[in-house]
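Report on one structure; see the data block that follows.
If you read the sequence from its start, that first residue is 1, and numbering goes on from there. Note: hydrogens, waters and symmetry copies are ignored here, and every other heavy atom, side chains too, is used.
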Amino acid sequence: QESFSERLNISRNHLARIEIGLRSASIELLIAISEITNLTLDYLATGKEPDNKEIKAALLAAAEELLRIEKEL
């Protein structure tokens, strides 16, 4: 908690109060947490995992296209 709060430039006490729900985080702080933890703002706000079906489908299509191009070379 100490190291994480230092990275966020807030006190450990402030972070603890946010964690237990006594304080809310500003959007700027949520963005900083998102960047440090590689979590989406949506996940931080709702706790729900993003639906990655569309992303997975797009990546599979891109991979198939790359394999097709490779065969043509």
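- In this structure, T37 and I33 approach most closely via the heavy-atom pair OG1-O, 2.7 Å.
- Closest non-hydrogen pair, A32 versus L8, comes out as CB-CD2, 3.8 Å.
- Here the closest heavy-atom approach between residue I18 and residue A25 is recorded as CD1-CB, 4.2 Å.
- Rounding to the nearest 0.5 angstrom, the gap separating the NZ atom in K71 from the CG atom in L73 is 12.5 Å.
- The one candidate from E64, E65, E70 that meets the salt bridge (charged side-chain N to carboxylate O under 4.0 Å, His left out) condition with R68 is E65.
- A side chain to side chain donor-acceptor pair (under 3.5 Å) check over residues 9-22, counting only residues at least two apart or in different chains, returns the pairs Q1-R12, Q1-E19.
- Here I20 sits in one hydrophobic cluster together with L22; the rule is ILVMFWY side chains under 4.5 Å apart, joined directly or through other members.
- Taking CG of L41 as the start and OG of S34 as the end, the distance is 4.5 Å to the nearest 0.5 Å.
- Counted within 6.0 Å of CZ on F4, heavy atoms from surrounding residues, nucleotides or ligands total more than 12; the atom is thus considered enclosed.
- Distance CG/L15 to CD1/I10: 4.5 Å, rounded to 0.5 Å.
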